[in-house]
Novice: 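Pasting in a structure now, in structure tokens, and then I'll have a few things to ask.
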Amino acid sequence: MRFANRRQAGEQLGQAVADLKPSDPVVYALPRGGVPVGFEVAAALECPLDILIVRKVGVPFQPELAMGAIAEGDVIVRNRDVIAAARVTESEFDDVAAAERRELDHRVTLF
């Protein structure tokens, strides 16, 4: 399915979700592209919209390959299969995660 823009996508998604009649919904959106979609969904549901800041934790020698993710509130998710396949040590994971944590904290301040 193609949409003219994220707003249109959010409007259509919002209507589809509204038809399910969820009770006490809250919409979480990821900056930047997810916020316009989430805004429209929240409007359709007449519910709160919150922003969730996350950062990918990339493999040191291939940063686009996610070996995990971090989020606000000291959330850390590890993809143990990728970590094992890439032979990333716990120390290496922690180093990359710490760098991403600094960027995450910066973005939380901005948003």
Side-chain angles (χ1 to χ4, degrees):
M1 182 176 286
R2 291 199 171 261
F3 303 101
N5 53 44
R6 287 183 171 97
R7 181 176 179 186
Q8 182 189 57
E11 289 170 347
Q12 289 186 30
L13 179 59
Q15 186 56 54
V17 174
D19 290 345
L20 299 173
K21 299 181 180 17
S23 61
D24 298 323
V26 176
V27 174
Y28 290 91
L30 301 176
R32 293 167 300 210
V35 173
V37 177
F39 177 84
E40 297 300 334
V41 173
L45 297 174
E46 298 178 351
C47 73
L49 169 66
D50 201 354
I51 295 173
L52 181 63
I53 311 294
V54 299
R55 293 291 296 171
K56 171 178 53 184
V57 178
V59 172
F61 58 87
Q62 192 174 359
E64 291 303 312
L65 175 59
M67 62 177 171
I70 60 170
E72 298 173 77
D74 295 325
V75 173
I76 300 174
V77 176
R78 289 175 171 80
N79 184 326
R80 299 212 183 270
D81 292 337
V82 172
I83 292 168
R87 298 183 180 167
V88 174
T89 67
E90 193 68 27
S91 176
E92 290 171 320
F93 182 95
D94 291 344
D95 289 347
V96 176
E100 293 300 337
R101 175 66 58 192
R102 288 189 293 277
E103 180 59 26
L104 183 138
D105 290 344
H106 173 71
R107 290 182 184 205
V108 166
T109 301
L110 291 176
F111 285 109

Novice: Of R107, K56, R55, which is the lone residue that meets salt bridge (charged side-chain N to carboxylate O under 4.0 Å, His left out) with E100?
Specialist: R55
Novice: Answer yes or no: does atom CZ of R101 have more than 12 heavy-atom neighbours from other residues, nucleotides or ligands under 6.0 Å?
Specialist: yes
Novice: For V96 and P60, which heavy atoms make the closest approach, and how far apart are they?
Specialist: CG2-CG, 3.9 Å
Novice: Quick one: do V108 and I51 end up in the same hydrophobic cluster if we chain Ile, Leu, Val, Met, Phe, Trp and Tyr together by side-chain heavy atoms under 4.5 Å apart?
Specialist: yes
Novice: Under 4.5 Å between any side-chain heavy atoms of Q15 and D19, yes or no?
Specialist: yes
Novice: Working to the nearest 0.5 Å, report the span between CZ of F111 and CG of L104.
Specialist: 10.5 Å
Novice: Please give me the minimum heavy-atom distance between L49 and A42, naming the atom from each residue.
Specialist: CB-CB, 3.8 Å
Novice: State the CG-CD distance between L13 and Q8, to the nearest 0.5 angstrom.
Specialist: 12.0 Å
Novice: Ignoring hydrogens and angles, write down the donor-acceptor pairs under 3.5 Å from the side chains of residues 23-36, residues two or more places apart or on other chains.
Specialist:
none

Novice: Atom CG of D105 and atom CG of L110: how far apart are they, to the nearest 0.5 Å?
Specialist: 11.0 Å
Novice: Sequence neighbours excluded and cut-off under 3.5 Å, please list the side-chain donor-acceptor pairs for residues 67-86, or say none.
Specialist:
residue: E72; atom: OE2; partner: I53; partner atom: N; Å: 3.2
residue: R78; atom: NE; partner: E90; partner atom: OE2; Å: 3.4
residue: R78; atom: NH2; partner: E90; partner atom: OE2; Å: 3.0
residue: N79; atom: OD1; partner: D81; partner atom: N; Å: 3.2
residue: N79; atom: OD1; partner: V82; partner atom: N; Å: 3.1

Novice: Are the side chain of Q62 and the backbone of V59 linked by a donor-acceptor contact shorter than 3.5 Å?
Specialist: no
